[in-house]
Amino acid sequence: MEKFTKLTGIAAPMPLVNIDTDMIIPKQFLKTIKRSGLGVNLFDEMRYNLDGTEIADFVLNQPAYRKAEIIIAGDNFGCGSSREHAPWALLDFGIRCVISTSFADIFFNNCFKNGILPIVLPQEQIDILMADARKGANARQTVDLEAQTVTTSDGQVFPFTVDGHRKHCLMNGLDDIGLTLEKVSAIDSFEAKSAALHPWA
Amino acid sequence: MTARTLYDKIWDDHVVHQAEDGTCLLYIDRHLVHEVTSPQAFEGLRMTGRKVRAPSKTIAVPDHNVPTTLDRANAATMTEDSRIQVAALDQNAKDFGINYYPVSDVRQGIVHIVGPEQGWTLPGMTVVCGDSHTATHGAFGSLAHGIGTSEVEHVLATQTLIQRKGKNMKVEITGSLRPGVTAKDITMAVIGETGTAGGTGYVIEYCGQAIRELSMEGRMTVCNMAIEGGARAGLIAPDEKTYAYCMGRPHAPKGAAWEAAVAYWKTLYTDEGAHFDKVVTIKGEDIAPLVTWGTSPEDVLPITAVVPNPADFSGGKVEAVQRALDYMGLKPGQKLNEIAIDTVFIGSCTNGRIEDLRAAAAILKGKKKKDGIRAMVVPGSGLVRAQAEEEGLAQIFIDAGFEWRLAGCSMCLAMNPDQLAPGERCAATSNRNFEGRQGRGGRTHLLSPAMAAAAAITGHLTDVRELMSEGVSG
């Protein structure tokens, strides 16, 4: 997993609430057996006409936002299916950070496993970040994971909270499985105990 | 000892390790696997030389991609990429030695229907699957939730998950349901009440008389859509109905082990005075047959209502409702029970079990679908299909003009050839009415199986109570 430490980039405003994972990556693109290559289909049905041409007013098709690395989103971003194809598609497009008032739980988790930082901030701050993002490509926002701050293009700073374990893994690009396997003896003894106590399980 | 909720108890019994910051390693008893969210996880194991830690606790079945037409044994019924994905699961199941129900097996079906049917899902267990509707298994008093593919790989390799404990939420449905009102209406009513983010960060325990009165299958329908309310998991304390359902299933314990299991299951309830962080109470008798009008499962109203006006909402929802009405081709004030439909889909992990088919067949018996309506029934598993044929339900559907399909996820998410065309309007017993969910441009109205059957007969969304003969309940 790619590390996440500090990012200064273009933020795309997506104020729509309840952007679900079917919108982020429609099901026809879930038939892949790879993790890569989904960026071109990110937000596919919002981004392209049926004939494959771009829908000009969709935010990521606008010249200012084609290289966005941050999304400022409406409430409950990532609701719906558990598909990790959603963060894979975001990452493949180049999005490394999504900021919203709230996220769906499974999507939120999936982001951390893929080097994407989801940040929860209160509505008033999202409103300010959204307005800042609307200024376009020159209004770059900075996300500093070490300091746990988001900074608008004109220098307003908003602190955010993040789970310590997840921060550590993101900052160091760590693989969860490797970390868990260090505790294999605890798993062994749990299994032995469970086999005696609940043999049917 | 402090009073604990059912969720607290299951959680406590599965903590392998707790870090100082509260992050836990949670043991997983059952890992269900399907073809869409697993290939990258198995590939990850191969690349790192890791094995599946507990193959006997890992159960795989292809369901999302598989065609449901009778000719599906013919490979040409699948697109190339679907075929590759199913073939990858065939191979992975073989290479890693996990339990497997291939497409050709009569027990194949939707993973959340197969798990309980085969007795893999039992009370008090932790159950995960790379699928958000894993919440279904909570009906047994198990802690069950969806995970992403990285977590699928983590569970395959370690049989554990890194988790932080969620908060406790109680959803109580008091009293009894009125005729024509079903488990589907309960779960949609809850989402209508809390919104799609109302359960985020919580595990819901459903309780109350109306929940107790539901069958196991009804309880599965309720828990299935916990995720649509944002809750990772929904669960219901096990009782005599739960034990009766589990008893004798192929993978349920037998003999002395059964007795020991039941003794443990009887400890699985929320203690008197246990703390809930959030409580929602709905009167069972206040719930009407419901339908969705928009593109979020929270966009739900009684069938007797009218399409709402965006101006009735506030904040970001105003724009979302306007967008939803444009997408759905509806106007504020339009009567829901006059909305003409093109298609009826009965099936999915929400409503693809035998009781769902019975409820739909009870409405359809001796009747025909309206001319021009496309209608299909997709049983949730091969065994549900066989039972429906034995009970004569299949013939009722066929006589009513429905297509009688093989088992799979089908038009719930339209990854197989069962899809809506742009603008096609569908009365669906599935769980998501998102834009494009059933096919790009497709318009979905979620409802119960009985309501779907009623819509097929009249050709428009219909209050099933108007079609109910005496003695027939939804």
Side-chain angles (χ1 to χ4, degrees), chain A residues 15-18 20-23 26-28 30-35 44-46 50 74-76 79-88 102-110 113-114 123 163-166 175-181 183-184 186-187 189-191 194 197-201, chain B residues 16-17 19 21 23 25 27 29 36-37 39-40 43 48 50 65 79 81-82 84-85 88 122 124-125 130-132 146-151 153-154 157-160 162 164 196-197 200-201 230 232 252-253 257 260-261 264 296 316-317 319-320 323 413-415 422 432 434-437 440:
Chain A
L16 189 63
V17 299
N18 295 331
D20 58 67
T21 53
D22 279 81
M23 284 180 178
K27 69 247 158 212
Q28 61 269 34
L30 310 188
K31 297 186 185 190
T32 173
I33 55 172
K34 297 189 201 133
R35 284 179 163 92
D44 194 84
E45 293 177 5
M46 302 166 97
L50 278 171
D75 303 341
N76 199 27
C79 59
S81 134
S82 65
R83 59 188 70 163
E84 201 160 314
H85 308 69
W88 294 338
S102 61
F103 291 90
D105 190 41
I106 304 176
F107 174 82
F108 189 75
N109 257 317
N110 285 341
K113 313 284 182 194
N114 291 284
Q123 187 68 55
D163 176 274
H165 171 75
R166 287 170 160 161
D175 165 16
D176 269 345
I177 298 177
L179 291 175
T180 297
L181 286 175
K183 303 192 183 81
V184 74
I187 303 174
S189 46
F190 182 95
E191 264 182 355
S194 174
L197 222 51
H198 304 144
W200 61 86
Chain B
V16 171
H17 177 270
D21 70 352
T23 306
L25 203 57
Y27 193 79
D29 294 315
V36 178
T37 56
Q40 294 86 351
E43 188 57 21
T48 48
R50 290 169 178 148
N65 273 285
T79 58
D81 43 9
S82 289
I84 290 171
Q85 218 169 38
L122 295 170
M125 285 182 163
D131 189 281
S132 58
I147 55 178
T149 299
S150 295
E151 290 177 315
E153 186 178 342
H154 192 279
T158 70
Q159 205 57 28
T160 64
I162 299 169
R164 286 184 84 91
T196 50
T200 303
R232 234 189 186 205
Y264 171 63
S296 165
K317 192 70 185 165
E319 186 198 340
R323 183 184 168 97
L413 86 167
M415 272 192 79
R432 287 195 177 125
F434 295 159
E435 285 183 21
R437 171 80 178 179
R440 183 167 179 162

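Chain letters run A, B, ... following the sequence lines, proteins first, then strands; residues in each count from 1.
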A.B. asks: Thr158(B) versus chain A, heavy atoms under 4.5 Å apart: side chain, backbone, both or neither?
C.D. replies: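 For Thr158(B), heavy atoms of backbone and side chain both lie under 4.5 Å from chain A.
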A.B. asks: Using heavy-atom distances under 4.5 Å, tell me whether Gln159(B) contacts chain A through its side chain, its backbone, both, or neither.
C.D. replies: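 For Gln159(B), the contact with chain A is made by the side chain alone.
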A.B. asks: Report the option among Glu45(A), Arg83(A), Glu84(A), Lys31(A) that has the most heavy-atom pairs separated by less than 4.5 Å from atoms of chain B.
C.D. replies: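 The candidate making the most pairs under 4.5 Å is Lys31(A).
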A.B. asks: Are any side-chain N or O atoms of Lys27(A) and backbone N or O atoms of Asp22(A), one a donor and one an acceptor, separated by less than 3.5 Å?
C.D. replies: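 Not at all, since once roles are kept as given, no pair shorter than 3.5 Å links the two residues.
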A.B. asks: So what's closer than 4.5 Å to chain A heavy atoms on Thr200(B): side chain, backbone, both or neither?
C.D. replies: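 Answer is side chain: those atoms of Thr200(B) sit under 4.5 Å from chain A.
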A.B. asks: Just so I understand: if I count every heavy-atom pair under 4.5 Å between each of Ala414(B), Gly230(B), Ala88(B) and chain A, which residue has the most?
C.D. replies: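 Top option by heavy-atom pairs under 4.5 Å: Ala414(B).
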A.B. asks: Side-chain contact, heavy-atom cut-off 4.5 Å: Leu25(B) with Ile187(A)?
C.D. replies: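 Answer yes - side chains close enough.
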A.B. asks: Looking only at heavy atoms and a cut-off of under 4.5 Å, which of Ser194(A), Gly80(A), Pro199(A) has the most pairs with chain B?
C.D. replies: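 Highest number of heavy-atom pairs under 4.5 Å: Gly80(A).
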A.B. asks: Measuring only between side-chain heavy atoms, which start at C-beta, is Cys79(A) closer than 4.5 Å to Phe107(A)?
C.D. replies: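 Sidechains of Phe107(A) and Cys79(A): no contact.
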A.B. asks: If I take atom CG from residue Asn110(A) and atom CH2 from residue Trp88(A), how far apart are they, to the nearest 0.5 angstrom?
C.D. replies: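 Between atom CG of Asn110(A) and atom CH2 of Trp88(A) there are 8.5 Å.
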A.B. asks: Could you give the distance from CE (Met415(B)) to OG1 (Thr79(B)), rounded to the nearest 0.5 Å?
C.D. replies: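 Between atom CE of Met415(B) and atom OG1 of Thr79(B) there are 8.5 Å.
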A.B. asks: Can you tell me which of Ser150(B), Ser296(B), Ala260(B), Pro39(B) forms the most heavy-atom pairs within a distance under 4.5 Å of chain A?
C.D. replies: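 Among Ser150(B), Ser296(B), Ala260(B), Pro39(B), the one with the most close pairs to chain A is Ser150(B).
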A.B. asks: Could you state the interatomic distance from CG (Leu30(A)) to CG (Leu413(B)), rounded to the nearest 0.5 Å?
C.D. replies: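 One finds 7.5 Å between CG of Leu30(A) and CG of Leu413(B).
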A.B. asks: Under 4.5 Å from any heavy atom of chain A, what part of Thr160(B) do you find: side chain, backbone, both or neither?
C.D. replies: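 It is the side chain, since no backbone atom gets that close.
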A.B. asks: Is chain A contacted by the side chain of Ser82(B), its backbone, both, or neither, given a heavy-atom distance below 4.5 Å?
C.D. replies: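 It is both, since atoms from each part get that close.
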A.B. asks: Residues two or more places apart in sequence or in another chain: which of them pass side-chain contact (heavy atoms from CB on, under 4.5 Å) with Thr32(A)?
C.D. replies: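 Checked Thr32(A) against side-chain contact (heavy atoms from CB on, under 4.5 Å); matches are Lys34(A), Leu38(A), His85(A), Gln40(B).
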A.B. asks: Answer yes or no: is there a side-chain heavy-atom contact under 4.5 Å between Asp44(A) and Arg440(B)?
C.D. replies: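 Contact flag for Asp44(A)/Arg440(B) side chains = yes.
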A.B. asks: Rounded at 0.5 Å granularity, tell me how far CD1 in Ile106(A) sits from CD1 in Ile147(B).
C.D. replies: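 CD1 of Ile147(B) is found 9.0 Å from CD1 of Ile106(A).
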A.B. asks: Heavy-atom distances under 4.5 Å only: say whether Leu50(A) touches chain B with side chain, backbone, both or neither.
C.D. replies: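 Answer is both: backbone and side chain atoms of Leu50(A) are under 4.5 Å from chain B.
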A.B. asks: Please determine, among Gly146(B), Gly124(B), Gly201(B), the option with the most heavy-atom pairs under 4.5 Å with chain A.
C.D. replies: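 Looking at each option in turn, the highest pair count goes to Gly146(B).
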A.B. asks: Which one wins on heavy-atom pair count under 4.5 Å against chain B: Lys183(A), His165(A), Glu191(A)?
C.D. replies: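 Ranked by heavy-atom pairs under 4.5 Å with chain B, first place is Glu191(A).
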A.B. asks: Which one of Val17(A), Ile33(A), Asp163(A), Leu197(A) has the most heavy-atom pairs closer than 4.5 Å to chain B?
C.D. replies: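 Highest number of heavy-atom pairs under 4.5 Å: Ile33(A).
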A.B. asks: Please round to the nearest 0.5 Å and tell me the distance separating atom CG of Asn76(A) and atom OG of Ser102(A).
C.D. replies: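 Atom-to-atom, Asn76(A):CG and Ser102(A):OG are 5.0 Å apart.
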A.B. asks: Heavy-atom pairs under 4.5 Å with chain B: which of Ser81(A), Pro26(A), Ala104(A) has the most?
C.D. replies: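 If we count pairs closer than 4.5 Å to chain B, Ser81(A) comes out on top.
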A.B. asks: Checking Gln85(B) against chain A: side chain, backbone, both or neither under 4.5 Å from a heavy atom?
C.D. replies: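 The answer is both parts of Gln85(B).
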A.B. asks: Measure Asn109(A) against the heavy atoms of chain B and call it side chain, backbone, both or neither at under 4.5 Å.
C.D. replies: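 Only the side chain of Asn109(A) comes within 4.5 Å of chain B.
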A.B. asks: For His154(B), is it the side chain, the backbone, both, or neither that has a heavy atom closer than 4.5 Å to a heavy atom of chain A?
C.D. replies: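 Both the backbone and the side chain of His154(B) come within 4.5 Å of chain A.
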A.B. asks: With a 4.5 angstrom heavy-atom cut-off, is it the side chain or the backbone of Arg432(B) that approaches chain A, or both, or neither?
C.D. replies: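 When you check distances to chain A, only side chain atoms of Arg432(B) fall under 4.5 Å.
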A.B. asks: Using non-hydrogen atoms only, which part of Phe108(A) is less than 4.5 Å away from chain B: side chain, backbone, both, or neither?
C.D. replies: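 When you check distances to chain B, no heavy atom of Phe108(A) falls under 4.5 Å.
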A.B. asks: Please list, chain by chain and in numerical order, all residues satisfying side-chain contact (heavy atoms from CB on, under 4.5 Å) with Leu16(A), sequence neighbours excluded.
C.D. replies: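 Per chain and number, Leu16(A) pairs via side-chain contact (heavy atoms from CB on, under 4.5 Å) with Ile19(A), Met23(A), Met46(A), Glu319(B), Ala320(B), Arg323(B).
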A.B. asks: Counting only heavy atoms closer than 4.5 Å, note whether Met125(B) contacts chain A via side chain, backbone, both or neither.
C.D. replies: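 For Met125(B), the side chain is the part near chain A, not the backbone.
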A.B. asks: Quick check against the 3.5 Å criterion: does Ser82(A) have a side-chain atom that pairs as donor or acceptor with the backbone of Gly148(B)?
C.D. replies: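 Flag not set: sc Ser82(A) to bb Gly148(B) has no pair under 3.5 Å.
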A.B. asks: Heavy-atom pairs under 4.5 Å with chain A - which of Ala257(B), Gly436(B), Ala157(B) has more of them than the others?
C.D. replies: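 Result: the option with the highest number of such pairs is Gly436(B).
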A.B. asks: Return the CZ to CG distance between Arg50(B) and Leu181(A), rounded to the nearest 0.5 Å.
C.D. replies: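 One gets 5.5 Å once the value is rounded to the nearest 0.5 Å.
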A.B. asks: Quick one: what part of Thr48(B) sits under 4.5 Å from any heavy atom of chain A, side chain, backbone, both or neither?
C.D. replies: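 Contact with chain A is absent: no heavy atom of Thr48(B) under 4.5 Å.
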